[in-house]
J.: 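Submitted below is the structure of interest, expressed as structure tokens.
Numbered from 1 within each chain, the chains take letters A, B, ... in sequence-line order.
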Amino acid sequence: MKDVQVLIISQCDEPGSSWAAFLVRRGWDVKICRSGGELRQCACGNSLNLVLADEALTGELPAIPSKNRGKAAAMILFSKPGTLPNKKIAEYLQGGFDDFIASDIDPRILEAKLLVNLRWALPAAARTMEEVRSRSGGIKVNKSQRRVIIKKGGGFLEISGMTQIEVGILALLVAREGVVVDRRFIVETIWHGKEVNFQNVDKHIEALRVKLACFGRNIETVYGAGYCYREVK
Amino acid sequence: MKILIAEDDDVFRLLMATILFEAGYDVVAEPDGLHAWEQLDGDGADMCIFDVDMPGLTGIELLKRLRSDARFCGLPVIMLTVKALVEDQLTGYKAGADEYLPKPIEVQVFLARVEALARKAGKGSL
């Protein structure tokens with residue numbers, strides 16, 4: 001989503017690089033900044049910013065009054081687990097930070113927290129992040145509500161019985177309409193690093209095609225590469 | 001600012017209510033999800049803190065009920081639970097939780113999180 005930008009400020013590669021890789025795969029626009037100056041440069045565009053700041057660099061951050069913080073929709077502080085005393089964490093939260101997380105947080109939880117903060121700052125943007133639709137508007141996929149709605153005969157039809165994995169794969173393909181998405185990318189994004197056979201992906205795609213009925217043919221198999229969502233006229 | 005607590009453990013419910021009351025909040029504490037829903041439906045609240053495992057109506061079911069009701073879909077909700085696995089947390093966030101905190105709590109940080117959420121929700125600190 002291009003109107004919302006996640007800015008990670010840290011002098012270390014990790015966890016920023018891993019978080020960025022995960023979030024980009026999930027459709028977020030992410031930038032890593034190494035200093036307060038770089039952060040200010042990145043933050044001066046038109047995007048609404050969700051800032052993830054390394055506690056070691058709090059001295060470089062602009063003042064963060066809870067009111068009038070400009071385009072920073074949320075300021076989330078992180079540090080290595082167990083390095084910050086509770087008193088200090090409480091002080092940061094009371095001082096205007098919206099959240100505190102440990103650097104070993106599961107990236108899925110991180111994304112959930114970003115969505116919560118986005119929901120408070122800009123509800124419409126949060127809904128957009130959770131919902132993916134094809135360019136024609138023929139199909140809408142809501143990831144958090146696990147809902148798939150297709151346009152049919154002038155009306156809309158909700159597809160029932162979709163599993164979380166099927167909805168995740170479909171959202172991934174629809175968000176990259178016209179682009180071939182390889183199986184490895186699907187496995188990494190949907191199963192988050194678990195060992196999953198590519199045939200497993202194929203089975204879910206088959207199930208998806210059946211459930212989507214006439215829209216199922218929009219999921220093309222690209223042999224030797226992966227799958228592509230393309231609406232057949 | 002009025003906070004509604006739903007917690008089936010008597011000791012923890014009393015502890016939570018005391019901590020929040022001493023911090024200056026108005027507190028209503030209910031022993032299960034159904035009573036919490038009745039309380040909310042009748043008198044409302046500015047923020048909710050729910051345990052996940054409760055008899056009758058679980059915290060997640062209660063949260064989903066809130067989020068599907070136009071009156072409460074924007075109400076800040078903290079889930080407080082011993083179920084702290086990643087999958088449990090994701091279930092909570094997907095159901096619409098604003099915070100998902102594991103028990104036991106550290107009082108200072110907990111109160112700071114309540115304050116931060118109230119600020120985000122535009123309800124001020126107290």
J.: Identify the two heavy atoms, one from A:Trp120 and one from B:Leu117, that lie closest to each other, and give their separation to 0.1 Å.
T.: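 That closest heavy-atom pairing would be NE1-CD1, 3.8 Å.
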J.: Please check if the side chain of B:Arg119 supplies one atom and the backbone of A:Phe97 the other of a donor-acceptor pair under 3.5 Å.
T.: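 Yes, B:Arg119 side chain to A:Phe97 backbone: donor-acceptor pair under 3.5 Å.
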J.: Please check if atom NZ in B:Lys2 has more than 12 non-hydrogen atoms from other residues, nucleotides or ligands closer than 6.0 Å.
T.: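 Check passes, neighbour count above 12.
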J.: Against chain B, work out which of A:Asp99, A:Ile89, A:Ile109 has the most heavy-atom pairs shorter than 4.5 Å and name it.
T.: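 Looking at each option in turn, the highest pair count goes to A:Ile109.
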J.: Could you tell me the separation between the CG atom of A:Leu114 and the OH atom of B:Tyr93, rounded to the nearest 0.5 Å?
T.: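 Rounded to the nearest 0.5 Å, the CG-OH separation comes out at 10.5 Å.
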J.: Below 4.5 Å, heavy atoms only, C-beta onward: do A:Asp98 and B:Lys120 meet side chain to side chain?
T.: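 Answer yes - side chains close enough.
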J.: How about A:Gln199: does its CD atom have over 12 heavy atoms from other parts shown lying under 6.0 Å from it?
T.: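 It does not: A:Gln199 CD has 12 such atoms or fewer within range.
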J.: For B:Gln108, which atoms come within 4.5 Å of any heavy atom of chain A: side chain, backbone, both, or neither?
T.: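 Interface part for B:Gln108: both.
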J.: How about A:Arg184: does its CZ atom have over 12 heavy atoms from other parts shown lying under 6.0 Å from it?
T.: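 Counting neighbours around CZ of A:Arg184, 12 or fewer heavy atoms of other residues, nucleotides or ligands fall under 6.0 Å, so no.
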J.: Using atom types as modelled and distance alone, determine if a side-chain donor or acceptor of A:Arg108 lies under 3.5 Å from a backbone N or O of B:Glu87.
T.: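 Not a single qualifying donor-acceptor pair exists.
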J.: Could you go through B:Glu99 and A:Val116, starting from their C-alpha distance and side-chain angles, then the distance that decides it, and tell me whether this counts as side chain to side chain contact (heavy atoms under 4.5 Å, CB included)?
T.: CA-CA 8 Å; B:Glu99 280 275 15; A:Val116 167; over 6 Å; no
J.: Take atom NZ of B:Lys64 as the centre, draw a 6.0 Å sphere, and report whether it contains more than 12 heavy atoms from other residues, nucleotides or ligands.
T.: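 For B:Lys64, atom NZ is not crowded (no more than 12 foreign heavy atoms under 6.0 Å).
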J.: Please round to the nearest 0.5 Å and tell me the distance separating atom CG of A:Asn117 and atom CG of B:Asp98.
T.: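 Rounded to the nearest 0.5 Å, the CG-CG separation comes out at 9.0 Å.
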J.: With a 4.5 angstrom heavy-atom cut-off, is it the side chain or the backbone of B:Ala95 that approaches chain A, or both, or neither?
T.: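 Neither part.
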J.: Side chain, backbone, both or neither: which part of A:Asp106 has an atom under 4.5 Å from a heavy atom of chain B?
T.: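 Looking at A:Asp106, just its side chain touches chain B.
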J.: Are there more than 12 heavy atoms of other residues, nucleotides or ligands under 6.0 Å from atom CD of A:Gln164?
T.: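 No, because the 6.0 Å sphere around CD of A:Gln164 holds 12 heavy atoms or fewer from other groups.
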J.: Got a sec: does the CZ of B:Phe21 have more than 12 other heavy atoms crowding it under 6.0 Å?
T.: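 12 or below, so no.
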J.: Give, as side chain, backbone, both or neither, the part of A:Lys143 having an atom under 4.5 angstrom from any heavy atom of chain B.
T.: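 No part of A:Lys143 comes within 4.5 Å of chain B.
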